[in-house]
Each structure stands twice: as structure tokens, then as C-alpha cells.
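So the structure is just underneath, and the comments pick up after that.
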Number of protein chains: 2
Amino acid sequence: MTGRTGPADSEATRKPRRSTQQKSAISAELSTLGGFVSAQELHRLLNASGSGIGVATVYRQLNRLADDGEIDTVTSPDGERLFRSCHTAEHHHHIVCRQCGTAVEISPPVEQWLDDVGRSNGFTAISHTFEVFGICADCSTSAETS
Amino acid sequence: MTGRTGPADSEATRKPRRSTQQKSAISAELSTLGGFVSAQELHRLLNASGSGIGVATVYRQLNRLADDGEIDTVTSPDGERLFRSCHTAEHHHHIVCRQCGTAVEISPPVEQWLDDVGRSNGFTAISHTFEVFGICADCSTSAETS
DNA sequence: TCCACTAGTGATAACGACTATCAATAAATA
DNA sequence: TATTTATTGATAGTCGTTATCACTAGTGGA
Ligand SMILES: [Mn+2]
Ligand SMILES: [Mn+2]
Ligand SMILES: [Zn+2]
Ligand SMILES: [Zn+2]
């Protein structure tokens with residue numbers, strides 16, 4: 001066997017991760033934005049700032065960050081995936097503004113309840129998506145004064 | 001008043017609806033299936049039964065049936081829309097089997113709770129998607145005996 | 001510091017679900 | 001039956017996302 005570096009890692013969990021400029025740019029942009037954005041829009045924003053980052057890389061890093069639990073994802077009503085920088089470790093949900101992407105975190109008490117309902121119906125391996133959208137205070141006031 | 005049943009329709013809500021063989025075939029197939037199916041799979045099933053129905057028509061009728069509230073829709077974890085014949089008038093949710101599409105209806109107490117949480121955070125026009133997937137009893141037992 | 005190795009990048013093609021188009025067809029109504 | 005027009009269906013197009021693959025650039029060792 002050739003000198004494989006790293007600790008006695010189980011090869012199933014192995015995931016080499018190299019820190020690149022692109023990944024930093026993406027994380028940084030997500031942090032400054034604060035709210036949820038689509039991959040496409042993030043790509044637009046980054047390129048507007050003169051970084052010739054490719055769209056494939058944006059998708060790749062976004063997916064990877066999501067896998068690593070460093071960012072949260074949400075699927076918009078029309079099927080587009082949205083991302084936002086978030087370091088809350090536990091499982092939680094959001095209310096997301098349809099207009100500007102601003103979000104607040106919520107923790108509904110449905111998690112345990114769900115498991116019970118599923119089990120009592122013979123269902124196992126239960127997963128759920130609970131996504132809430134609305135119009136935030138800022139967006140609704142600025143809409144009135146239009 | 002022309003023999004139109006139901007409320008005095010405002011022309012904005014007017015929607016002429018003609019009963020075709022295709023629509024009947026789709027509804028029938030949905031009824032016999034019982035569970036959730038994608039438009040693509042439904043199209044496949046219908047064509048396997050020798051009805052040269054077009055895929056565009058399947059999508060059209062499915063969307064229309066959903067608009068009219070005659071069927072329920074759910075979005076699978078990978079973004080595909082699923083449909084099933086269901087005549088429960090009120091808003092409700094399902095636990096759907098990832099494998100065979102079998103579903104049971106659930107009515108979580110999150111509806112009102114959600115509105116309150118949203119309002120207390122300044123959010124209005126709140127909409128939500130609450131979708132639950134799992135493996136039904138039948139599918140999990142048949143998987144064990146593989 | 002330089003090198004070898006390979007993860008990561010990016011232009012682009014491909015994919016898949018879904019919708020728009022439009023000439024042809026078949027319900028509805030008189 | 002004749003007229004009208006909603007509906008159909010083959011097909012091209014849209015759009016978000018992923019696969020390819022030659023090239024670039026982190027990384028760890030010499
Ligand atoms: Mn979060
Ligand atoms: Mn239902
Ligand atoms: Zn907003
Ligand atoms: Zn099942």
C-alpha cells in the first residue's frame with residue numbers, strides 16, 4: 001500500500017478537503033449576505049465583484065458545504081435550492097422571505113411527534129422537509145410605499 | 001343563470017373544462033394506483049396499457065386536476081412532483097413511502113402555530129410545505145426477505 | 001524551495017423535469 | 001350536421017443542476 005496520509009480513518013468517511021480561493025470567496029459572500037440565495041444568484045454576485053469563478057464550482061462548493069453541515073439549504077416553492085451561511089449545529093427550520101431571502105430560525109415541536117406518527121403507521125426511515133416562506137417586515141413596508 | 005352548478009362564477013375565475021378520454025384515463029389510473037406517482041411514471045404506465053397519450057397532456061391534466069383540488073401533490077426529496085387521487089377537501093399532509101408511493105394522511109397541529117410564529121417575527125403571507133417520506137410496512141418487510 | 005501528486009477548477013456538453021408552440025383533433029352546442 | 005373552440009400531441013425550448021475532462025493550483029514531502 002502506498003503511503004496514504006491521515007489518521008486511521010474509515011475509508012467510508014474519507015473526504016479530502018483542500019482550501020481554495022473559490023471556496024473562501026463563496027463562504028465569505030454567503031456570510032456577508034446573511035440570507036438565503038440561489039446558486040445562480042450567488043454566482044452572479046461573485047462575478048459582479050470581478051472574480052471569474054465558474055458556475056460549476058459554485059454548485060460544487062455549495063453542495064459540499066451543505067454536506068459538511070456548514071451551511072443550510074432550503075428548496076424554494078418553484079424548486080430552486082437556496083443556501084445560507086448558518087452554523088447552528090442541530091436540525092432546525094427557517095421562515096424565509098420570498099423577496100429578499102432574509103430568514104429567522106424556528107424549532108417546531110414536530111420532530112418527535114413526526115417519528116411517533118410515522119411509527120404508528122408502520123413507516124420507518126422517516127425524513128421530512130418543513131419549509132416556510134413569507135414576506136418579511138422590511139419587504140412588506142417597502143412594498144406599501146411603492 | 002345557465003345550468004352551471006356551484007357559486008355565481010366571476011369571469012376571472014372562469015375556467016372552461018371539457019371532459020376528454022385522456023383526462024378520464026389519467027383520473028382512472030390515479031384512482032387504481034392509490035399512491036403517489038410522478039407525471040413521467042404515470043405517462044409510462046398509461047402507454048404500457050396501449051393508450052397513446054402524450055406526455056404534455058399528462059402534465060396538463062395533472063396540473064389542472066391539482067388546481068381544481070381534485071388531486072394532491074407532493075414534491076419528492078429530489079424535486080420531482082408527485083400526484084395522487086385524493087378528495088379530502090381540507091388542507092392536509094401525507095407520509096409518503098419513498099419506494100411505492102403509498103401514503104397516509106396526517107394533520108399536524110402546525111398550521112395555526114405557524115401563522116403565530118410568522119406574525120411574531122413580522123412575516124406575512126406565510127406559506128408552508130410540510131412533506132414527510134419514509135418506508136412503509138410492506139416495503140420494509142419485503143426488503144428484509146430479499 | 002522545488003517537486004510530484006492529485007483535489008479542485010471551469011468551459012461546456014449533457015441531463016431531466018417541465019413548459020411553450022402550433023397545427024390537427026374532437027368535445028360541446030345549436 | 002355544422003360551427004366553434006378547448007384539448008391534444010409531437011416537438012422544441014427553458015432552466016436548474018450535474019457530468020466531462022483538460023488544465024490549474026493546493027499540499028506534503030524531499
Ligand atoms: Mn439555519
Ligand atoms: Mn390527501
Ligand atoms: Zn424580505
Ligand atoms: Zn412502500
Side-chain angles (χ1 to χ4, degrees), chain A residues 1-7 9 11 13-27 29 36-47 49-68 70-71 73-83 101, chain B residues 1-5 9 11 13-27 29 36-47 49-68 70-71 73-83 101:
Chain A
M1 165 171 290
T2 62
R4 206 146 175 52
T5 56
D9 43 22
E11 36 271 79
T13 323
R14 192 108 241 287
K15 42 183 172 183
R17 220 114 283 194
R18 195 172 285 186
S19 70
T20 67
Q21 309 176 250
Q22 290 86 347
K23 175 176 180 178
S24 300
I26 290 173
S27 294
E29 187 67 32
F36 279 91
V37 258
S38 68
Q40 303 278 358
E41 190 176 343
L42 186 61
H43 178 242
R44 245 175 276 132
L45 290 170
L46 287 169
N47 281 359
S49 305
S51 75
I53 191 170
V55 64
T57 298
V58 175
Y59 276 103
R60 259 189 307 247
Q61 288 297 348
L62 246 22
N63 286 337
R64 177 168 295 187
L65 287 168
D67 285 348
D68 294 353
E70 299 190 31
I71 63 176
T73 68
V74 139
T75 300
S76 80
D78 40 277
E80 202 175 14
R81 278 186 83 190
L82 307 179
F83 307 83
Chain B
M1 168 178 276
T2 64
R4 196 153 181 57
T5 53
D9 44 21
E11 38 270 81
T13 325
R14 194 106 236 290
K15 41 185 172 181
R17 220 114 283 195
R18 194 172 283 187
S19 71
T20 67
Q21 309 175 248
Q22 289 85 347
K23 176 176 178 178
S24 300
I26 290 172
S27 294
E29 188 68 32
F36 280 91
V37 257
S38 69
Q40 302 279 357
E41 191 176 341
L42 187 60
H43 178 241
R44 244 174 277 131
L45 290 170
L46 288 170
N47 281 359
S49 305
S51 75
I53 191 171
V55 66
T57 297
V58 175
Y59 276 103
R60 259 189 308 247
Q61 288 297 348
L62 246 22
N63 286 337
R64 176 169 296 186
L65 287 168
D67 286 346
D68 295 352
E70 299 189 30
I71 62 176
T73 68
V74 140
T75 300
S76 81
D78 40 277
E80 200 175 13
R81 279 186 82 192
L82 308 179
F83 307 84

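Here the structure is a predicted model, which means the values were calculated and not measured. Letters A, B, ... mirror the listed sequences (proteins, then strands); counts begin at 1.
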Between [N] ([atom2]) and [X] ([atom1]): distance, integer Å:
X       : N      : atom1 : atom2 : answer
B:Arg17 : C:dA28 : CZ    : P     : 13 Å
B:Asn47 : D:dA10 : CG    : C1'   : 13 Å
B:Arg64 : D:dA6  : CZ    : P     : 10 Å
B:Asp78 : C:dA17 : CG    : C1'   : 11 Å
B:Gln61 : D:dA6  : CD    : P     : 14 Å
B:Leu42 : C:dC18 : CG    : P     : 12 Å
B:Ile53 : D:dT11 : CD1   : P     : 17 Å
B:Leu62 : C:dA17 : CG    : C1'   : 13 Å

Taking only residues two or more places apart in sequence or in another chain, which ones pass side chain to side chain contact (heavy atoms under 4.5 Å, CB included) with [X]?
X       : answer
A:Arg81 : A:Asn63, A:Ala66, A:Thr73, A:Thr75, A:Phe83
B:Glu80 : B:Ser38, B:Gln40, B:Ser76, B:Asp78
B:Ser27 : B:Lys23, B:Leu65

Work out which heavy atom in B:Leu42 is nearest to a heavy atom in B:Glu29; give both atom names and the distance.
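Smallest interatomic distance, heavy atoms only, reads CD1-CG, 3.4 Å.
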
Which heavy-atom pair separates B:Gln22 from B:Thr57 by the least distance, and what is that distance?
CB-CG2, 3.9 Å

Side chain to side chain donor-acceptor pair (under 3.5 Å) partners of B:Asp67, counting only residues at least two apart:
none

Interatomic spacing from NE2 in B:His43 to CG in B:Leu45 - rounded to 0.5 Å
10.5 Å

Which value, rounded to the nearest 0.5 Å, describes the distance between B:Ile71 atom CD1 and B:Gln61 atom CD?
9.5 Å

Protein-proximity profile, nucleotides 12-25 of chain D, B/S/- by nucleotide at the 4.0 Å heavy-atom cutoff, equals ----SBBB-----B

Respond yes when some side-chain nitrogen or oxygen of A:Thr20 is under 4.0 Å from OP1 or OP2 of C:dG8, and no when none is.
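Negative; the distance criterion is not met.
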
Quick check on D:dG9: is either OP1 or OP2 less than 4.0 Å from any side-chain nitrogen or oxygen of B:Thr57?
yes

Take B:Ile26 and B:Ile53 through the test side chain to side chain contact (heavy atoms under 4.5 Å, CB included) and record every step on the way to the result.
CA-CA 9 Å; B:Ile26 290 172; B:Ile53 191 171; 3.9 Å; yes

Between the first and last five pairs of the helix from C:dT1-D:dA30 to C:dA30-D:dT1, the angle of the axes, rounded to 10 degrees
30°

